[in-house]
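Data block below; observations after.
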Amino acid sequence: VPAAASFSGTLLAYQGLLRFADLRAPVWPNWVLVAAGVAVHGYFLVGQPDLAARNLNFAIVLLALGIQIAWLLLYGVPRSLRPSTLPAGLVFAAYNLINAARILHYFLLPEQGSSYFHAGSFNLLVMVVYQVLFVFLAFSLVLMYVRRLLSDIRTQEALVTAAFDS
């Protein structure tokens with residue numbers, strides 16, 4: 001259930017950011033990815049318990065979604081929005097680096113164990129970094145929306161001023 005919430009929440013964030021930028025993109029392939037990720041996660045939770053495989057699956061799905069979000073925020077939005085979306089894009093890029101590191105760690109230094117209580121120091125560090133990035137993400141998204149609102153207010157103010165000055 002937590003993986004499904006994380007995957008779905010990330011995908012819903014992508015859809016919300018597309019709306020923020022007034023862009024359209026097909027998202028059904030991402031819902032297929034989320035469903036497959038949840039199914040794989042469930043298999044390695046119930047069918048054949050394997051914490052390392054669940055961590056790998058989690059990192060792969062979030063990396064696939066995160067790359068799309070980072071690209072959208074850093075390059076896909078109109079130029080006028082890029083200063084507003086840059087901080088959030090950088091946070092998602094940092095998430096992508098952490099997820100890529102988790103994938104590399106799985107293949108280079110495999111860990112055994114099926115409990116987070118016995119997770120290695122790398123996984124503990126990843127969890128702490130996830131939490132710190134989550135706080136940064138919250139602030140950067142609020143800042144992004146505030147900048148957009150201020151821009152809209154300035155535009156409306158200029159229209160009203162121009163209407164009454166003429």
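Please read these numbers as outputs of a predicted model, since none were measured by experiment. Keep in mind that the numbers below use all heavy atoms, side chains included, and drop hydrogens, waters and symmetry copies.
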Inset, instruction - Let me see the working for Leu137 and Tyr95 under side chain to side chain contact (heavy atoms under 4.5 Å, CB included), right down to the final yes or no. - result: CA-CA 10 Å; Leu137 180 61; Tyr95 267 118; 4.2 Å; yes

Does the side chain of [Y] come within less than 4.5 Å of [X]'s, by heavy atoms?
X      : Y      : value
Phe122 : Tyr106 : no
Leu18  : Val27  : yes
Leu17  : Val77  : no
Met127 : Leu124 : no
Val40  : Ile60  : no

Write down the atom of [X], the atom of [Y], and the distance for their closest heavy-atom approach.
X      : Y     : value
Ser8   : Val34 : OG-CG1, 3.9 Å
Ile103 : Ala59 : CG1-CB, 3.8 Å
Pro49  : Leu45 : CG-O, 3.8 Å
Pro78  : Ala21 : CD-O, 4.2 Å

Sequence neighbours left out, what passes side chain to side chain donor-acceptor pair (under 3.5 Å) with [X]? Give chain and number order.
X      : value
Asn30  : Gln68
Gln156 : none
Tyr130 : Asn99, Arg102

- Task: Take Phe107 and Leu56, measure what side chain to side chain contact (heavy atoms under 4.5 Å, CB included) needs, and give me the verdict at the end.
- Result: CA-CA 9 Å; Phe107 290 109; Leu56 176 65; 4.2 Å; yes

Any side-chain to backbone donor/acceptor pair from Ser151 onto Arg147? Under 3.5 Å, distance only.
no

Show me, pair by pair, the donor-acceptor contacts under 3.5 angstrom made by side chains of residues 83-92, not counting sequence neighbours?
| from | atom 1 | to | atom 2 | distance (Å) |
| --- | --- | --- | --- | --- |
| Thr85 | OG1 | Leu73 | O | 2.6 |
| Thr85 | OG1 | Leu81 | O | 3.4 |
| Thr85 | OG1 | Arg82 | O | 3.4 |

Requested in this report: Report the C-alpha distance between Phe139 and Leu143 in whole Å, list the side-chain angles of each, state the deciding distance to 0.1 Å, and finish with yes or no for side chain to side chain contact (heavy atoms under 4.5 Å, CB included).
Outcome: CA-CA 6 Å; Phe139 282 118; Leu143 181 64; over 6 Å; no

task = Using the rule that two of Ile, Leu, Val, Met, Phe, Trp, Tyr join whenever any of their side-chain heavy atoms come within less than 4.5 Å, decide whether Leu12 and Trp71 are in one cluster.
result = no

#### Entry: Cluster link Phe136 to Phe134, ILVMFWY, side chain under 4.5 Å
yes

Can you tell me how far [atom2] of [Y] sits from [atom1] of [X], rounded to the nearest 0.5 angstrom?
X      : Y      : atom1 : atom2 : answer
Ile98  : Leu133 : CD1   : CG    : 6.5 Å
Glu157 : Leu159 : CD    : CG    : 10.5 Å
Thr10  : Leu62  : OG1   : CG    : 5.0 Å
Gln15  : Ile69  : CD    : CD1   : 10.0 Å

So ring-ring contact (aromatic ring centres under 6.0 Å, His included) across residues 10-36, not counting sequence neighbours, yields Phe20-Tyr145

Residue pairs meeting salt bridge (Lys or Arg N to Asp or Glu O under 4.0 Å), one or both in residues 8-26, sequence neighbours left out, come to Asp22-Arg148

task = Go through the steps for Asn57 and Arg54 under the test side chain to side chain contact (heavy atoms under 4.5 Å, CB included), then give the verdict.
result = CA-CA 5 Å; Asn57 178 58; Arg54 289 194 311 265; 5.6 Å; no

